[in-house]
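Scroll down for the structure; my scribbles are underneath it.
In listed order, ligands and their atoms are each counted from 1. Numbers for residues simply follow the sequence, beginning at 1.
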Amino acid sequence: MSLHHLPHHPGTAGIAVVLGTRPELVKLAPLIHELGPAARLVHTGQHWDEAMSGRFLRELDLPEPELLTGVGGRPRAGQIAAALDQLDTAFAADQPAAVVVQGDTNATLAGALAANARGIPLVHVEAGLRSHDRAMPEEHNRVMVDHIADLLCAATEANSAQLRAESLPAERIAPTGNTVVEVVRRQLPGSRARAALLARHGLTADRYVLATVHRPENTDTADALGAVPAGLDQIARAGTPVLFPMHPRTRAAVDRHGLTPLVGRLADADPVGYADFLGLARHAALLVSDSGGVQEECTVLGRPLLVVRRSTERPEAIDTGFAVLVQPGPELGAVAGEWLSDTPQRLSRLAGTPSPYGDGLASARIARLTAALAGSTALAA
Ligand code: UDP
């Protein structure tokens with residue numbers, strides 16, 4: 001069935017796209033555009049504010065979502081339970097022909113469980129990622145969602161192989177590529193806008209570091225929280241400016257632990273919008289981040305990345321030479337110093353290295369497969 005046969009108007013089924021955080025908005029945007037009027041956006045409200053959602057909805061030209069209430073700011077189980085309960089009520093009133101979720105957040109798991117509870121076909125975008133780190137709630141979310149999904153959209157061959165190794169049937173697995181490739185290509189500002197952006201921040205192309213951190217392993221305790229800024233401070237003291245747009249979770253933890261002096265030498269900023277982030281990342285001599293999305297974006301932008309994490313579910317960026325895992329603190333400062341010392345050679349090597357995440361057509365493939373899945377059950381019903 002083609003997408004044109006699945007229009008969504010209030011009171012009709014459509015394809016529910018359930019999301020709740022910034023990276024889901026970013027990476028589902030091109031798929032939502034492909035789905036067109038069939039897409040029915042449901043936002044759990046996990047990160048619901050202007051800086052983390054509102055401006056992303058506008059910038060990415062997304063339709064107004066149905067918004068759940070009382071989900072954000074609670075412990076994990078409470079978030080999942082609150083979202084699940086409201087999704088079930090919404091799906092009972094107006095059952096979608098399929099549910100799409102992406103990644104590994106609590107919203108992803110809640111959306112998947114809501115589809116499962118009502119026997120609605122479930123599509124998991126970015127299936128088969130594994131950090132094998134059971135201390136990360138995201139690892140549990142992605143494993144659970146993969147095992148109940150009907151269509152597993154695998155971004156890379158390694159992701160497909162992982163799903164097969166877990167005995168998931170081959171007919172549920174589709175190699176699609178990652179939608180990040182097309183969203184970066186579409187949202188990256190043009191060269192003049194990027195030059196103006198750098199001028200606004202007082203930065204020179206290829207001569208600064210852009211850093212983001214927000215994962216619990218880097219923010220939960222005062223020691224962990226101090227380690228990344230200490231490494232960044234070492235970089236700044238050695239003469240390379242560091243721009244550090246702080247995630248709200250990180251900002252709150254820095255304030256709570258009284259660590260503001262540690263970020264004193266850094267160009268501390270609030271989180272920026274998506275186009276600005278891509279524009280700044282595109283010209284950074286080095287990126288430092290614990291973000292999942294940035295590990296993919298760096299391969300499309302051709303920029304080197306130090307991943308400040310114990311483990312990663314995205315080894316592709318490391319295997320292709322874009323990224324390396326480093327310990328926050330002195331190791332971060334030392335590796336950054338080394339990488340910054342041969343910036344021109346590294347940048348020219350990376351400029352010639354293709355992204356391992358696909359060809360820019362992932363969303364079109366996923367939209368076609370989703371429509372077929374939704375159509376086949378609609379016809380069978
Ligand atoms: N990002 C952004 N503005 C910022 C920092 C990050 O738009 O100030 C984007 C970044 O490009 C990536 C996404 O937000 O696409 C990553 O979000 P986050 O780090 O919250 O989540 P993760 O990718 O780790 O799941």
* Look at atom 14 (O) of ligand 1 and say which protein heavy atom is nearest, naming residue and atom and giving the distance to 0.1 Å. => Arg22 NE, 3.1 Å
* Asked: Is the shortest side-chain N to carboxylate O distance from Asp133 to Arg309 below 4.0 Å?
  -> no
* **Residue and atom name of the nearest protein heavy atom (relative to atom 23 (O) of ligand 1), distance in Å to one decimal** => Gly293 N, 2.7 Å
* Atoms of ligand 1 less than 4.0 Å from Pro271 heavy atoms? -> 8 (O)
* Would you kindly specify which portion of Lys27 sits under 4.0 Å from ligand 1, judged on non-hydrogen atoms: side chain, backbone, both or neither? => neither
* Please say whether Arg215 places an N or O atom under 3.5 Å from an N or O atom belonging to ligand 1. => yes
* Asked: When you check the side-chain N and O atoms of Thr312 and Gln295, is any donor under 3.5 Å from an acceptor?
  -> yes
* Structure fact -> Applied to residues 343-354, the salt bridge (Lys or Arg N to Asp or Glu O under 4.0 Å) test, sequence neighbours excluded, yields Asp342-Arg346
* To do: Please state whether the rings of Trp48 and His43 are parallel, tilted or perpendicular, taking 30° and 60° as the class boundaries.
  => perpendicular
* **For atom 22 (P) of ligand 1, the protein heavy atom that lies nearest, with its residue and separation** => Gly292 N, 3.5 Å
* Closest protein heavy atom (residue, atom, distance) for atom 7 (O) of ligand 1 -> Phe56 CZ, 3.2 Å
* **Salt-bridge present (Asp319, Arg314; N to O < 4.0 Å)** => no
* With heavy atoms only and a cut-off of under 4.0 Å, state how Tyr274 meets ligand 1: side chain, backbone, both or neither. => both
* **Ionic contact status for Glu138 with Arg76, cut-off 4.0 Å** => no
* Will you find, in the side chains of Glu139 and Ser131, an N or O donor that is under 3.5 Å from an N or O acceptor? -> yes
* Nearest to atom 16 (C) of ligand 1, what protein heavy atom do you find, and at what distance? -> Ser291 OG, 3.5 Å
* **CA sep, side-chain torsions, deciding dist, call: His247, His47, ring-ring contact (aromatic ring centres under 6.0 Å, His included)** => CA-CA 11 Å; His247 190 283; His47 285 169; 5.7 Å; yes
* To do: Sequence neighbours left out, what pairs pass side-chain hydrogen bond (donor to acceptor under 3.5 Å, both in side chains) with at least one residue falling in residues 197-209?
  => Asp206-Arg303
* Is the shortest distance from a heavy atom of Glu138 to ligand 1 less than 4.0 Å? -> no
* Structure fact -> among protein heavy atoms, the one nearest atom 10 (C) of ligand 1 is Glu297 OE1, 3.5 Å
* Which residue and heavy atom of the protein sit nearest atom 3 (N) of ligand 1, plus the separation -> Val272 O, 2.7 Å
* To do: Provide, to 0.1 Å, the distance between atom 21 (O) of ligand 1 and the closest protein heavy atom, together with that atom's residue and name.
  => Pro23 CG, 3.3 Å
